[in-house]
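Atoms within each ligand, like the ligands themselves, are counted from 1 in listed order.
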Amino acid sequence: MRDILPPESGRWRRFTSVFAEVVEAAGYQQVISPLLEDLGVFVRIGDATDVVTKEMYDFVDKGERHVALRPEMTASVCRAYAQHRPTPPWKVFYSGPNFRYEKPQRGRYRQFDQVGIEVLGVDDPHLDVEVIALAWEFYRRLGLRRVVLVVNSLGEPDDRARYVEALRRHFEAAGDGLGAQSRETLQKNPLRVLDSKRPADQDVIAGAPAIADFYSDEAAEHFATVRAGLDRLGIEYVVEPKLVRGLDYYRRTIFEIQGGTLDSAQNALGGGGRYDGLVEALGGPSTPGIGFALGVDRTLLACDDEGVFAAVAPPLDAFLVDITGGQEAAAITAELRAAGLRSDRAFDNRSMKAQMKLANRSGAAHAVIVGDAELASGTVLVKPLRTDGEQVGIARDDLIRHLLGSTSND
Ligand code: HAM
């Protein structure tokens, strides 16, 4: 778990607000769900997934309830839908921390943030296109270029079940051709074996049956419409028949956005897909669902690697240097802030020299200086700090106009 300090923390906030702008423009509204849920909510993600079997932060609370810190937000959103029954289609977005007990490394943390969207109550493949396009648009807005959109379909639940059986037979027949770890995964979830990055497994994986051969007509048509929709929007993608994703609730369309700069185990910056059936499993009516979540930590690492969406401290317009005791600095900063001008000041009645040093270090555009002579004559000295301009003395009543003028000239 990490501390996110300034100015990095400011970048996190900007990240979330750019995301909100992108999805609010498409009619999504924010849902805020609790960090903690009944453990049963998350078990529905799939009891054969690492997220549920190994990585859950769960405990018994003082009321003897078995609860868990959320490892993701899709299950919480579906639980909320089942509980409150809003009118579909329900288009929501979210942002916040999640918890998974994983082995920490670059791009993998025990507390990490996600932003994401979910839509409940719409079966239409054109919605899949909208959802994928919004994730893509957001990455474009961040300025990321070395990202790849990977899509696949897992078919209808029956197709998926027949495929899983075929995979099981294929992998079992391979015997020792699969490493011990993958043989263990096979017992729980044959699909996840496709995810193995271990070199020893690759030959057997390459020869595995392809999901496309198991699609029903309906599933094939749904996926074809999604691909045609992405083509129509000019969004480039790669169809990856072995993409399976790490959570068990997916049906039909799934997708990932992969970065080009992180280790392959951490290269998924975000992902999502359809999860028709999850609301039902949480006690609600039969409801189709689709969404995605993007990892904030990982996406910002990708931004660093590509040199885009940099962390910047919000620049100050003015820094007050008051050598008359400090009351003037209090009054002037209050006036400037009320006028929308960012201003800071020195404290502790330091010397002129010490205050000027702070002013320079603050990165402010101007130092506003008040000495005894200025106080007596109702004036201030304004010294540009970022340009070579001259220091000028102006009437105190003109300060805001003066600073606003130089802000718009900058
Ligand atoms: P996920 O693939 O488990 O999907 O996580 C989505 C993203 O969260 C990942 O691509 C990654 O960027 C980030 N992430 C996951 N675990 C960690 C970690 N330990 N450290 C840092 N980042 C991490 C879901 O969570 C689904 N709920 C997505 C979804 C929404 N599907 C449908 N709707």
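- Ring geometry, Tyr81 versus Trp90: the interplanar angle falls from 30° to 60°, so the pair is classed tilted.
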Between ligand 1 and the protein, find all N/O pairs closer than 3.5 Å and give the distance for each.
from	atom 1	to	atom 2	distance (Å)
ligand 1	2 (O)	Arg245	NH1	3.0
ligand 1	2 (O)	Arg245	NH2	2.9
ligand 1	3 (O)	Arg100	NH1	3.0
ligand 1	3 (O)	Arg100	NH2	2.9
ligand 1	4 (O)	Arg245	NH2	3.0
ligand 1	5 (O)	Gln114	NE2	3.2
ligand 1	8 (O)	Gln114	NE2	3.1
ligand 1	10 (O)	Ala268	O	3.0
ligand 1	10 (O)	Gly270	N	3.3
ligand 1	12 (O)	Ala268	O	3.2
ligand 1	12 (O)	Leu269	O	2.9
ligand 1	12 (O)	Gly295	N	3.4
ligand 1	16 (N)	Arg100	NH1	3.4
ligand 1	19 (N)	Glu102	OE2	2.6
ligand 1	19 (N)	Tyr109	O	2.8
ligand 1	20 (N)	Tyr109	N	2.9
ligand 1	25 (O)	Arg100	NH2	3.2
ligand 1	25 (O)	Gln114	NE2	3.1
ligand 1	27 (N)	Glu72	OE1	2.4
ligand 1	27 (N)	Thr74	OG1	2.8
ligand 1	27 (N)	Tyr249	OH	3.0
ligand 1	31 (N)	Tyr250	OH	2.7
ligand 1	33 (N)	Thr74	OG1	3.2
ligand 1	33 (N)	Glu118	OE1	2.9
ligand 1	33 (N)	Glu118	OE2	3.0
ligand 1	33 (N)	Gly291	O	3.4
ligand 1	33 (N)	Phe292	N	3.4

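- Ser216 and Glu156 are not linked by any side-chain donor-acceptor pair at a separation below 3.5 angstrom, with hydrogens and angles left out of the test.
- Residues satisfying the salt bridge (charged side-chain N to carboxylate O under 4.0 Å, His left out) criterion with Arg44, sequence neighbours excluded, are absent altogether.
- For Arg110 and Tyr101, the positive end sits near the middle of the six-membered ring, less than 6.0 Å away and at most 45° from its axis.
- For the pair Asp304 and Arg11, the salt-bridge criterion is met [side-chain N within less than 4.0 Å of a carboxylate O].
- Salt-bridge annotation for Arg146 and Glu306: absent, with no side-chain N of the basic residue lying under 4.0 Å from a carboxylate O of the acidic one.
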